[in-house]
J.: 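Before I ask anything, here is the structure I am working with.
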Amino acid sequence: MSAPPAVEAPVRPRTDPPPPRNARRLRDRLRRDWPLLVMVAPAFLLVLVFHYVPTLGNVVAFQDYNPFAGANPFEAFLYSEWIGFGNFEALFEDPSFWDSLRNTLAILVFQLIFYFPLPIMLALLLHSVLSPRLRAFIQSVVYLPHFFSWVLVVSFFQLMLGGAGLLAQVVRDAGYTPPEIMTNPDTFIVLVTSQAVWKDAGWGMIIFLAALAAIDPTLYEAAAADGAGRWRRLWHITLPGLRSVIILLLILRLGDALNVGFEQFILQRDAVGRQAAEVLDTYVYYRGVVVQQYGIGAAAGLFKAVVGLVLILAANKIAHRFGEQGIYQKS
């Protein structure tokens, strides 16, 4: 008796192994969010080209950079001599650097005290205006100077407060000697803060108006029903509602602490003198471009960036200690 023939197992068609779970998740998210990615792409390219790529030039801070060392800028980077922290040593031995740092810190502290609260106060005052048309008109007038260039702002102040300006003519007609406002180095810090307030306080107010609009109006109604006056509602409802925004903007301002401006100071530097108007931005320009000490200019710029990074990390950590979100949270 012969053995029955062996039954062969059915041959299954070969299929590719399923993609890993993370790859599927990424593919699903790309398919879902592609409109948002397309919208973000121009801004990403803008930041990449004009912010991240130029940071590669910080290597000049550690070189005795010679732009003629190669046939093109890339070869000049490669063939320039590396000198370690030599540029930083020269930077810290330069008295004009310490003058510019002192002026920058003085302007920063002065503006944090006298400029930073003004957009909050403007937003609170404007929020109390009941007429929407009047509120829109005041808001438009107040933030309009933000769109003016610094050349126009300084020219406007020159026409109003300069030696041949409107105020000086009125004072002369009254028989008195007009004060030197635009050329006085002792009051220059007040002058630049006034210009910054006129130009940007209205623009900064918009963020706080948006935060005020997000506060639930039923809280005010409940507080008024309980007998709370205007000041109590301001203290217990409005200011707590603005606290997270205030801390966020304060952290961002500290991160940008040493960037007090360039155009505003370069335009008025000759009028009041280097001792009063030299800040870190103008110091980097004169060292790196005018005098062509590229390494020292790059070292000053890198020093400013590192200080800003340390300030923003410290301020964010303090915000976490007080229970605020800050600009980022720990994962």
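Scope of the values below: all heavy atoms of this structure, side chains included, with no hydrogens, waters or symmetry mates. Since we're looking at a predicted model, the values are computed, not measured.
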J.: Side chains of E81 and Q63 only: does a donor on one sit below 3.5 Å from an acceptor on the other?
T.: no
J.: Does one side chain, of Q268 or Q158, offer a donor that lies under 3.5 Å from an acceptor on the other?
T.: no
J.: Determine whether more than 12 heavy atoms belonging to other residues, nucleotides or ligands lie under 6.0 Å from atom CZ of F116.
T.: yes
J.: Any heavy-atom pair between the side chains of R269 and Y286 that's under 4.5 Å?
T.: yes
J.: More than 12 heavy atoms of other residues, nucleotides or ligands under 6.0 Å from CZ of F44: is that the case?
T.: no
J.: Return yes if some donor-acceptor pair links the side-chain N/O of K304 with the main-chain N/O of L280 below 3.5 Å, else return no.
T.: no
J.: Given the side-chain rings of F62 and F85, with only the six-membered ring counted for Trp, is the space between their centroids under 6.0 Å?
T.: yes
J.: Measure the CG-NE2 distance between D200 and H146 for me, rounded to the nearest 0.5 Å.
T.: 6.0 Å
J.: Hey, are the side chains of D281 and F265 touching, using non-hydrogen atoms and a 4.5 Å cut-off?
T.: no
J.: State whether the number of non-hydrogen atoms from other residues, nucleotides or ligands found under 6.0 Å of R232 atom CZ is greater than 12.
T.: no
J.: Hydrophobic clusters here meaning ILVMFWY residues chained together by side-chain heavy-atom distances under 4.5 Å, can you tell me if I312 and V47 are in one?
T.: no
J.: For Y220, is the NZ or CZ atom of R230 found under 6.0 angstrom from the centre of its six-membered ring and inside 45 degrees of the ring axis?
T.: no
J.: Test your reading of the model: is there a side-chain donor-acceptor pair from N87 to the backbone of A61, 3.5 Å cut-off?
T.: yes
J.: Answer yes or no: are there more than 12 heavy-atom neighbours, outside Q139 itself, under 6.0 Å from its atom CD?
T.: yes
J.: What distance do S80 atom OG and E75 atom CD have between them, rounded to the nearest 0.5 Å?
T.: 11.0 Å
J.: Any chance the side chains of Y283 and D94 put a donor and an acceptor closer than 3.5 Å?
T.: yes
J.: Supply the atom-to-atom distance I138 CD1 to L125 CG, rounded to the nearest 0.5 angstrom.
T.: 9.5 Å
J.: Walk me through it: do D28 and R25 pass the test salt bridge (charged side-chain N to carboxylate O under 4.0 Å, His left out)?
T.: CA-CA 5 Å; D28 294 340; R25 187 179 302 173; over 6 Å; no
J.: Check this for me: M121, atom CE, are more than 12 non-hydrogen atoms of other residues, nucleotides or ligands nearer than 6.0 Å?
T.: no
J.: How are the rings of F97 and F92 set relative to one another: parallel (under 30°), tilted (30 to 60°) or perpendicular (over 60°)?
T.: tilted
J.: Mind checking the CG-CD1 spacing from D216 to I237? Nearest 0.5 Å is all I need.
T.: 9.5 Å
J.: Once you measure the plane-to-plane angle for W203 and F147, does it fall in the parallel (<30°), tilted (30-60°) or perpendicular (>60°) bin?
T.: perpendicular
J.: Looking at N103 and Q275, would you say the former's side chain and the latter's main chain have a donor-acceptor pair under 3.5 Å?
T.: yes
J.: CG of L311 to CG of L108: how many Å apart, nearest 0.5 Å?
T.: 8.0 Å
J.: With ring pair (Phe, Tyr, Trp, His ring centres under 6.0 Å) as the test, would you mind laying out the steps for F156 and W198 before giving the verdict?
T.: CA-CA 11 Å; F156 176 79; W198 185 70; 4.8 Å; yes
J.: Can you tell me how far the CG atom of N184 sits from the CZ atom of F188, to the nearest 0.5 Å?
T.: 11.0 Å
